[in-house]
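Throughout, protein chains are lettered first and strands after them, A, B, ... in sequence-line order, and every chain is numbered starting at 1. Just so we're clear, the structure is a prediction, and the values are computed from it rather than from any experiment.
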There are 2 protein chains.
Amino acid sequence: VIMMQNIIKTYRLGSTEVRALRGVDLEIRKGEFTVVMGPSGSGKTTLLNILGCLDVPTSGDYWLHGQRIAETDVDRLAPIRNANIGFVFQNFNLIPVLDTVENIEFPLLLREGHAPRDSRERALALAEAVGLKDFPHHRPDELSGGQRQRVAIARALIMHPQVVLADEPTANLDSETAEQILDLMESINRERGATFLISTHDPRVLKRARRVLIIRDGKVADEQAAAA
Amino acid sequence: VIMMQNIIKTYRLGSTEVRALRGVDLEIRKGEFTVVMGPSGSGKTTLLNILGCLDVPTSGDYWLHGQRIAETDVDRLAPIRNANIGFVFQNFNLIPVLDTVENIEFPLLLREGHAPRDSRERALALAEAVGLKDFPHHRPDELSGGQRQRVAIARALIMHPQVVLADEPTANLDSETAEQILDLMESINRERGATFLISTHDPRVLKRARRVLIIRDGKVADEQAAAA
Ligand SMILES: Nc1ncnc2c1ncn2[C@@H]1O[C@H](COP(=O)(O)OP(=O)(O)OP(=O)(O)O)[C@@H](O)[C@H]1O
Ligand SMILES: Nc1ncnc2c1ncn2[C@@H]1O[C@H](COP(=O)(O)OP(=O)(O)OP(=O)(O)O)[C@@H](O)[C@H]1O
Ligand SMILES: [Mg+2]
Ligand SMILES: [Mg+2]
């Protein structure tokens, strides 16, 4: 599903240069449920943003579903992104003027240009699946941190994406709620074969992982390999 | 230091009513290092915002340092807040146009009306204490999630506050970074007698707590009492 070779990402700020990714090689197969771990500032969000076609690398090669992603203009990546990938942002990126259900159904609007007939029903079902049945008409500033996080999770799932990239999706959740979310993700992985890649510091997520990648010094390695 | 009696907070949205706090009674003594836990949506942020004079309760009584907080206008609470309380927001609330050091020193500007002579030095020392020595001139959108969180933590501490309220301050931090931050908080608690109240879902924070409060059904109880 995903192949990366020698992905480099360097941020430039005036005369300062931050080398967030320093030659990432990565292969993710369909249906995997993988966790990426690494210290704060080690490059997890940077990696997920490139994987999710939300950003472009400074250099390197990226193949998604056998198609080489050669764009250097993020806006032109939108069709690829919208067709394939559900993304849970670290800072949620909800739309402030939309309520819970409108935020969840928004990707359907983007794709179709209008709300499909069943979009409201699907959004309400997902709101319930993430424990937000009682909050359909709350706007983001009327929700708690963990409630907003769950709106972001539901939105990532509404398109039945083939690949779900989740950037620290349980950071603001108590244990019971986190387990509920992880159960949902695992069931989607098992039943639809969706591929999950989750960045996290959370041991609750780690124990569900069937593969663990460690990001360190701008490179990614499988945990077993890293420990060798 | 803190006394609350029958604090109620009800949010009204059109015809919907959310009773976030349903009669909180609370006493925090000087120098305590206390953790508040509860499920997502249980009222932790609501409680901390009222404690921190960032919001007002619907009803109930609140005393801070023996002074009854009777204002019903949040803006008039600013002097109390600025003189006494350091706050780490769940969503950080950094100022986008300011860099790391400017964000950290901002409370000094607010209090004095101008930057005290030593404000830059103090801000740099705090940036180093939270592991951000190499990022003084990054703006928030040029920092990782955990790096932004640490700017927020440093900012909360710059005024040597008597009370530090921290809303899930380690949610975006890996274990090593979280322990570094918790060591810093404990040293401030021990050496300056600052009172800490931390809302969290994180077992790393919980194991440092000398007192644990549980928030459930809009009320707060000590954990031992809750378990009885
Ligand atoms: N501005 C608001 N308007 C309406 N309802 C609100 C508002 N802020 C919070 N609420 C509701 O009040 C309840 C308590 O919210 P609060 O943010 O205090 O929870 P929390 O314990 O901090 O949750 P989390 O762990 O998810 O951050 C929630 O049900 C939330 O939806
Ligand atoms: N837009 C940007 N401009 C400049 N530097 C950036 C930018 N985004 C990230 N960085 C830097 O690149 C490095 C990697 O950032 P990234 O957000 O990928 O880390 P992370 O592993 O997700 O961290 P965290 O666990 O704290 O979220 C960090 O040192 C960060 O300061
Ligand atoms: Mg990140
Ligand atoms: Mg909260």
### Contact leader toward chain A among B:N91, B:L173, B:T177, where contacts are heavy-atom pairs under 4.5 Å
B:L173
### Query
Quick one: of B:T45, B:N172, B:T16, B:D134, who has the most non-hydrogen atom pairs under 4.5 Å with chain A?
B:N172
#### Entry: Residue part contacting chain A, namely of B:S40, when any heavy atom lies under 4.5 Å
both
### Task
Flag the one option from A:P203, A:A20, A:G14, A:G41 with the top tally of heavy-atom pairs under 4.5 Å to chain B.
A:G41
### Query
For chain B, which of A:R139, A:E176, A:R150, A:R148 has the most heavy-atom pairs under 4.5 Å?
A:R150
Under 6.0 Å from the [atom1] atom of [X], do we count more than 12 heavy atoms belonging to anything else shown?
| X | atom1 | value |
| --- | --- | --- |
| B:D141 | CG | yes |
| A:E121 | CD | no |
| B:R210 | CZ | yes |

### B:H137 side chain reached by A:L13 side chain, heavy atoms, under 4.5 Å
no
### Chi angles and distances behind the side chain to side chain contact (heavy atoms under 4.5 Å, CB included) call for B:H138, A:V18
CA-CA 11 Å; B:H138 280 90; A:V18 177; 3.8 Å; yes
### Spatial distance of atom CZ (B:R12) from atom CD (A:E142) [nearest 0.5 Å]
14.0 Å
### Task
Provide the closest heavy-atom pair for B:G38 versus A:D174 in the form atom of the first, atom of the second, distance.
O-CB, 4.1 Å
